[in-house]
Number of protein chains: 2
Amino acid sequence: MKDKKEITREVNRKKIIQAAENVFANYGFKGATTEKIAKQAGLPKANLHYYFNTKTILYREVLEGILEEWMVAAQTFDKYDEPKIALTRYIEAKMNFSRIRADASKVWANEVIQGAVSVSKFLETTLKEWLENRVKVINDWIAGGKIEAVDPYVLFYMIWSMTQHYADFERQIAILNHGKHYNDDEFQQKTEQVVHLILKSVGLS
Amino acid sequence: MKDKKEITREVNRKKIIQAAENVFANYGFKGATTEKIAKQAGLPKANLHYYFNTKTILYREVLEGILEEWMVAAQTFDKYDEPKIALTRYIEAKMNFSRIRADASKVWANEVIQGAVSVSKFLETTLKEWLENRVKVINDWIAGGKIEAVDPYVLFYMIWSMTQHYADFERQIAILNHGKHYNDDEFQQKTEQVVHLILKSVGLS
DNA sequence: GTCTATACGTTGATAGAC
DNA sequence: GTCTATCAACGTATAGAC
């Protein structure tokens, strides 16, 4: 049973982390000020430092949350045996993530572009392991004649870059789309196109 | 005829801009300090401010140089009538840009992710115009039965995101590649794969 | 737990001698 | 044009009253 203080604590931490993710996404680590984050979370700056001693710690916690969600989306790939279905569901999950968690994607992109200092451990261990195993799956598909012979790494980078582009470069995309962000219908159509192009590139559909 | 001072001026400006591009790429606009840039350019901070009054002005000039180069690479698309050749050469040019101008690509990515405040004019005018005209070309190819019916915007975003990924996410790619950056041969192979996958996705090759 | 006031380090920018 | 010394502004973090 949680007491009142504990609930307050969790609520405030969550508010701060959400605000932080948005500010980090739009200003980068250095450009994000604890003042901006606190204001957006609706509390004084000193309060933020009460919950998260340093800005760096807060940043790390934001990143950790994103990693967890990333791995959840990644599990979609393993839920189906048929290449066409597995790829389709995975791409859809990634596109959905770009749609509803654009800030998370941007924080991640900023971090990796600037050298991945805070997430290199994750990349070296969890992500590398995940990728190596899925590369084997792709190679099995190829050996079984189920998809065309392609470089599995290039295939995954294709999926990641194409889907994440709709989050990270959403501002550019909006400008090129009469200045308006895609609505749900438009985004659905783009998702179908992305799925179609990738499937086709490996000889499916 | 240029005198000595004028030459010194140009040389120093170029040194500063090159250093600035590298520092902006790796630290973002806010994270980049004029001190770091000056040190990397091999001169005192005060000197940097003599050539570029403010950090913002320096940043703008770095961006402008990148835009110009971006447009040069874009011209490759127009040099060939045959879809297969035009797309191949354009993708190769973009991959080459990612290879030799990774910092430029990263500065651009950082800028767009964080709202494209300093390049919105370029996106709204030059880039939008360029894209609209090439979309027409793609639609002509489709109408002429030369390539599969695809959403031209999704096709261009595919080309941009896939190729730029090899610059912007090079750190992640290196980690996933035994911790080593691609050498020239490897990069060449990846380029061929990227070309192949994109061509195949529109029914070519 | 909350919040105001403040200390302290960092950084963009300039003054002024050479 | 170059460079050392310096300053003002800003931003992280904390002290200490409530």
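For the numbers below, each heavy atom of this structure counts, side chains included, while hydrogens, waters and symmetry mates do not. Lettering follows sequence order; numbering is per chain, from 1.
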Can we call the ring centroids of A:Phe169 and B:Trp108 under 6.0 Å apart?
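Between A:Phe169 and B:Trp108, the centre distance exceeds or equals 6.0 Å.
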What about the rings of B:Trp130 and B:Phe156, do their centers lie closer together than 6.0 Å?
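Ring-ring flag for B:Trp130/B:Phe156: true, centres closer than 6.0 Å.
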Within the pair A:Tyr51 and C:dT2, is there a side-chain N or O less than 4.0 Å away from OP1 or OP2?
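It does, given that an N or O in the side chain of A:Tyr51 lies less than 4.0 Å from OP1 or OP2 of C:dT2.
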May I ask you to decide whether [X] forms a salt bridge with [Y], counting only side-chain N to carboxylate O separations under 4.0 Å?
| X | Y | result |
| --- | --- | --- |
| A:Lys128 | A:Glu132 | yes |
| B:Glu170 | B:Lys106 | yes |
| B:Arg101 | B:Glu21 | yes |

Between the side chain of B:Lys55 and the main-chain N/O of B:Ala32, is any donor-acceptor distance below 3.5 Å?
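Flag set: sc B:Lys55 to bb B:Ala32 pair under 3.5 Å.
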Is it the case that B:Arg99 places NZ or CZ above or below the six-membered ring of B:Phe187, under 6.0 angstrom from the centre and within 45 degrees of the axis?
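Geometry flag: set, cation within 6.0 Å and 45°.
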A:Lys30 to B:Tyr27, cation-pi by 6.0 Å centre distance and 45° axis angle:
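Not flagged: A:Lys30 not positioned over aromatic ring of B:Tyr27.
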Rounding to a whole Å, what distance do you find between [X]:[atom1] and [N]:[atom2]?
| X | N | atom1 | atom2 | value |
| --- | --- | --- | --- | --- |
| B:Leu48 | C:dT11 | CG | P | 15 Å |
| B:Tyr27 | C:dG12 | OH | P | 13 Å |
| A:Leu43 | C:dG1 | CG | P | 13 Å |
| B:Lys15 | D:dT2 | NZ | C1' | 12 Å |

Go along nucleotides 4-18 of chain D 5' to 3' and tag each nucleotide: B for a protein heavy atom under 4.0 Å from its base, S when only backbone or sugar atoms are that close, - otherwise.
B------SBBB----
For the helix from C:dG1-D:dC18 to C:dC18-D:dG1, measure the angle between the helix axis at one end and the axis at the other, each built from five pairs, rounding to 10°.
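The two end axes of the helix from C:dG1-D:dC18 to C:dC18-D:dG1 meet at 10°.
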